[in-house]
Amino acid sequence: MEPGSIDNLSILYQSSDFIVVNKHWDVRIDSKMWYEKLTLQSQLKYRFPELADPDTYYGFRFCHQLDFSTSGALCVALNKAAAGSAYKCFKERLVTKAYLALVRGHVSESRMTIHYAIGKNTTEGMTHMMCIEGTEGCENPKPSQSELIVLERGSYSGDPVTKVLLQPLTGRTHQLRVHCSAAGHPIVGDFTYSLKKDSSPYRMMLHAYYLRIPTSKELIEVSAPDPFLTSLDSNWVPHQVVHRLEEMIQELKDKTVWAEDEARKQETLLHSGGAEMPRKAMSLETEERAKREQWLMEWALE
């Protein structure tokens, strides 16, 4: 619950090519504003001055983004080649992400899929926000999908809340925040998507917990410590356990690895014996491969 500072950067993983940090809540990744002194960029330069790349504007290559208000695992590439290998994983939808959140109310289903298409809000005074298809001023909505798994039901400062695991199966701006709000369970402390009503908590309760990037250089797989524990914030009191976090993450890992292995086996089979296979068999193999790749895409997160 301590505010971020220039010297309290938490490192989850480090190699010669990558660093994964546990980004603090309410810290921007970078900023061009002279008055914003504390950013992830400035923390990295303070901690690793020798690793800053003078050929980049920010000194470090950020492989993906996290909102200002969101904490958790964020990957930084230390050279151009490493950045390229990570970018390829994101482009091919091979990156797996899972977030923890506290949301308002008790989610009745133990698991749910949220399908609202998300677009840009063009309403005056709300252009910094995203919106769901069908709402006033929502421009160019695109298909979006998130998976929600209930971990615990409980209370925060006496109000009913639910601790959930969220998996964004598409990569729209503010996707998880918009989807939770649209489903009737806005994220605790989300000032923006509660229409400026939820201002009491010290932070927005969204945390990038799990990150897996299978680059050609190395497998990056990290978990950023769960901040939503009663021992860390006594306002949060769980009453009922529905799913255990470790078991849900293991389930996600198993399915992701299995799908990757199946796709790899299929690719090898097609390259080694495809030319000699009868046309009908080849067609079936191609169809099966397409099914497996589609299955993998459903579990691979942008």
Side-chain angles (χ1 to χ4, degrees), residues 1-4 10 12 20-29 40 62 64-75 95-107 112 114 116 118 128-132 144-157 159-211 222-230 232-233 235-236 238 243 245 248-249 252 301-302:
M1 295 174 66
E2 295 180 357
S10 173
L12 302 172
V20 181
V21 303
N22 185 6
K23 188 185 91 66
H24 202 281
W25 46 271
D26 286 4
V27 170
R28 297 190 192 283
I29 291 176
L40 179 54
F62 300 108
H64 54 115
Q65 300 287 313
L66 287 179
D67 289 347
F68 165 72
S69 304
T70 306
S71 61
L74 190 145
C75 184
V95 176
T96 304
K97 297 179 187 176
Y99 293 71
L100 290 173
L102 297 182
V103 300
R104 293 289 178 188
H106 285 162
V107 180
M112 62 188 294
I114 307 173
Y116 297 107
I118 295 176
H128 61 295
M129 300 173 63
M130 306 301 285
C131 51
I132 62 169
S144 307
Q145 183 176 336
S146 303
E147 297 291 337
L148 181 153
I149 299 175
V150 171
L151 298 174
E152 298 172 320
R153 298 187 182 100
S155 60
Y156 191 87
S157 297
D159 298 321
V161 301
T162 306
K163 183 174 181 176
V164 298
L165 184 69
L166 298 166
Q167 301 169 28
L169 299 182
T170 49
R172 313 301 176 206
T173 301
H174 297 175
Q175 177 175 317
L176 297 177
R177 299 166 65 184
V178 173
H179 271 175
C180 286
S181 179
H185 298 284
I187 294 171
V188 173
D190 192 344
F191 185 71
T192 299
Y193 289 100
S194 67
L195 300 179
K196 302 182 179 180
K197 295 177 182 177
D198 201 345
S199 58
S200 297
Y202 68 98
R203 61 161 291 179
M204 181 179 74
M205 306 299 180
L206 180 62
H207 177 72
Y209 177 74
Y210 176 74
L211 176 66
V222 297
S223 294
D226 179 0
F228 308 135
L229 302 172
T230 305
L232 300 176
D233 184 355
N235 291 307
W236 158 241
H243 292 106
L245 174 59
M248 294 302 97
I249 291 296
L252 176 59
L301 314 180
E302 288 185 356

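For the numbers below, each heavy atom of this structure counts, side chains included, while hydrogens, waters and symmetry mates do not.
- Heavy-atom minimum distance, Thr162 versus Gly105: OG1-O, 2.7 Å.
- Side chains of Asn22 and Val222 form no contact here, defined as non-hydrogen atoms less than 4.5 Å apart.
- Glu152 is not listed as a side-chain neighbour of Phe228, based on a closest heavy-atom distance of 4.5 Å or more.
- In this structure, the side chains of Leu165 and Leu151 come closer than 4.5 Å at one or more pairs of heavy atoms.
- Ring planes of Trp25 and Tyr202: perpendicular class, angle over 60° (limits at 30 and 60°).
- Side chain of Gln175 to backbone of Gln145: a donor-acceptor contact under 3.5 angstrom is found.
- With contacts defined as side-chain heavy-atom distances shorter than 4.5 Å, the pair Leu245/Leu100 qualifies.
- A distance-only check finds a donor-acceptor pair linking the side chain of His185 to the backbone of Arg104 [under 3.5 Å].
- Here the shortest heavy-atom pairing between Ser155 and Val161 reads C-CG2, 3.7 Å.
- In this structure, Ile114 and Ser144 have side chains that are not in contact, with every pair of non-hydrogen atoms separated by 4.5 Å or more.
- Within the 4.5 Å cutoff, the side chain of His174 has no heavy atoms near those of the Thr192 side chain.
- Using a 4.5 Å cut-off on side-chain heavy atoms (C-beta onward), Val95 and Leu211 make contact.
- Not one N or O on the side chain of Tyr209 forms a donor-acceptor pair closer than 3.5 Å with the backbone of Leu166.
- The main-chain N or O of Ser194 is never found under 3.5 Å from a side-chain atom of Ser181 such that the two would form a donor-acceptor pair.
- A donor-acceptor contact shorter than 3.5 Å links the side chain of His24 to the backbone of Glu2.
- Salt-bridge check for Arg203 with Asp233: failed, with every basic side-chain N at 4.0 Å or more from each acidic carboxylate O.
- Inter-residue side-chain proximity for Leu74 and Phe62 is flagged as met; some heavy-atom pair is nearer than 4.5 Å.
- Looking at Ser69, its side chain never comes within 3.5 Å of a backbone N or O of Met204 through a donor-acceptor pair.
- With rounding to the nearest 0.5 Å, the separation of OH in Tyr210 from OH in Tyr99 is 13.5 Å.
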Give the intermediate values and the outcome of side chain to side chain contact (heavy atoms under 4.5 Å, CB included) for residues Met112 and Val107. CA-CA 9 Å; Met112 62 188 294; Val107 180; 3.8 Å; yes
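- When all heavy atoms of Leu66 and Ala73 are compared, the pair lying nearest together is CD1-O, 3.7 Å.
- No donor-acceptor distance shorter than 3.5 angstrom exists from the side chain of Lys23 to the backbone of His207, with no hydrogens or angles considered.
- Looking at Thr230, its side chain does come within 3.5 Å of a backbone N or O of Trp236 through a donor-acceptor pair.
- Checking side-chain atoms of Lys163 against main-chain N and O of Pro238 turns up no donor-acceptor pair under 3.5 Å.
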